[in-house]
Number of protein chains: 2
Amino acid sequence: MSEMRRGPYFCGIDAAMDVVAGKWKSLILWDLQEHGTRRFGELRRGLPGVSEKMLTQQLRELEEDGLVHREIYRQVPPKVEYSLTEEGSSLNAALESLGDWGTERIRRIGATKVDVGV
Amino acid sequence: MSEMRRGPYFCGIDAAMDVVAGKWKSLILWDLQEHGTRRFGELRRGLPGVSEKMLTQQLRELEEDGLVHREIYRQVPPKVEYSLTEEGSSLNAALESLGDWGTERIRRIGATKVDVGV
DNA sequence: TGCGGTACCCACCGAAAGGTAAGTGCCAGG
DNA sequence: CCTGGCACTTACCTTTCGGTGGGTACCGCA
């Protein structure tokens, strides 16, 4: 069930937003960029507050949209590794200036930041 | 009711997305960038499919967040003009690379585009 | 007199997004 | 034997988002 989202779109931003929208998606992309490859549990611990359901759901959608690669190791206990595809990594690059703008804004309005720890 | 959104945020992208999320916001920003200043009705006609309720709502939120300026002319019939603030215009600039990425993606996946006319 | 244009507001409703809590199968460690 | 960790799935519920259709006050035009 559920295919890759395909528009129709008004413009490029519209299409990009469609793919990034979702409470955790940009955060997942970010985490994957920083760590290269991550297991499910690592991602979960890296995104404080995310539920398992939400994390799998968002990961599935990112996978369907071709931004994230999912590698399953047939072992017991299960092991699954997530990483960015080329398209995902180029999206991340395109998000950089937006991230800078957001950081500036946080400073400007004095918003609080969630401490992610390490 | 309803104040400027203030986080807490995980990172800059998070903060930026918070402000741009909403079905019409990036489109409004785009339209305002292209035309400089627009009246309510002009915006409505420029965004095919938007309802009046949605348009006012999104404009109010953009205004609260300091991205859009609202100039009221006390006339009959009423006249209201919307334009980008400096912050709104810098956000638009930060969205450019994301827009390019989206345009590329539309091409790649062969998504259909909504014709906005002129 | 009545209609259309201006820029809205309001109540209501259905759909979609997101949260909570539980269950799954298997194994290692205490 | 019981618990915890792995990577999920499922059912259910609440909250938010967005759409529909009405009303407002005023004026100009026919």
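All chains are named by letter (A, B, ...) in the order of the sequence lines, taking the proteins before the strands, and each is independently numbered beginning at 1.
- Not counting sequence neighbours, T103(A) has no partner by the side-chain contact (heavy atoms from CB on, under 4.5 Å) test.
- Nucleic acid contact class of Y82(A) (heavy atoms, under 4.0 Å, all strands): sugar-phosphate only.
- In this structure, the CG atom of L55(B) is 10 Å from the C1' atom of dA7(C), given to the nearest Å.
- Between E64(A) and R60(A), none of the side-chain N atoms (NZ, or NE/NH1/NH2) sits under 4.0 Å from a carboxylate O, so this pair counts as no salt bridge.
- Taking a pair as Watson-Crick or G-U with both hydrogen-bonding distances under 3.5 Å, the stems of three or more pairs touching DNA chain D are C:1-30 with D:1-30.
- Close to dC6(D), at under 4.0 Å from its OP1 or OP2, lies a side-chain N or O of R45(A).
- In terms of phosphate contacts, R39(B) brings no side-chain nitrogen or oxygen within less than 4.0 Å of OP1 or OP2 of dT6(C).
- When the side-chain contact (heavy atoms from CB on, under 4.5 Å) test is applied to D65(B), the partners found at least two apart in sequence or on another chain are R105(A), M4(B), R5(B), V19(B), L67(B).
- The side-chain contact (heavy atoms from CB on, under 4.5 Å) test applied to R39(A) returns E42(A), K79(A), E81(A), not counting sequence neighbours.
- To the nearest angstrom, P of dA7(D) lies 9 Å from CD of E81(A).
- Across the protein-nucleic acid pair, R74(A) atom CZ and dC27(C) atom P stand 15 Å apart, rounded to whole Å.
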(request) Let me have a per-nucleotide readout for nucleotides 17-30 of chain D, 5' to 3', with B, S or -, counting only protein heavy atoms under 4.0 Å. (result) -BBB-----SS---
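- As a whole-Å value, the separation of D18(B) CG from dT16(D) P is 13 Å.
- S97(A) pairs by the side-chain contact (heavy atoms from CB on, under 4.5 Å) definition with A94(B), S97(B), not counting sequence neighbours.
- What separates CD of E61(B) from P of dT16(D) is a distance of 13 Å, to the nearest Å.
- Residue pairs that meet the salt bridge (charged side-chain N to carboxylate O under 4.0 Å, His left out) test with at least one member in residues 46-58 of chain B, sequence neighbours left out, are R44(B)-E52(B).
- Taken to the nearest 0.5 Å, the CG atom of L47(B) stands 11.5 Å off from the CZ atom of R45(B).
- Side-chain N/O atoms of R60(B) include one lying less than 4.0 angstrom from OP1 or OP2 on dC9(C).
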For residues 25-32 of chain B, which side-chain donor-acceptor pairs fall under 3.5 Å, sequence neighbours excluded?
unit_1	atom_1	unit_2	atom_2	d
K25(B)	NZ	E61(B)	OE1	2.6
D31(B)	OD1	H35(B)	ND1	3.3
D31(B)	OD1	R38(B)	NH1	3.1
D31(B)	OD2	R38(B)	NH1	3.1

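- At whole-Å resolution of the value, NZ in K25(A) and P in dG18(C) are 8 Å apart.
- For E63(B), the side-chain hydrogen bond (donor to acceptor under 3.5 Å, both in side chains) test picks out no residue, with sequence neighbours left out.
- Regarding E42(B), its CD atom lies at a distance of 12 Å from the C1' atom of dT6(C), rounded to whole Å.
- For the pair R44(B) CZ and dT6(C) P, the interatomic distance rounds to 8 Å; values are reported in whole Å.
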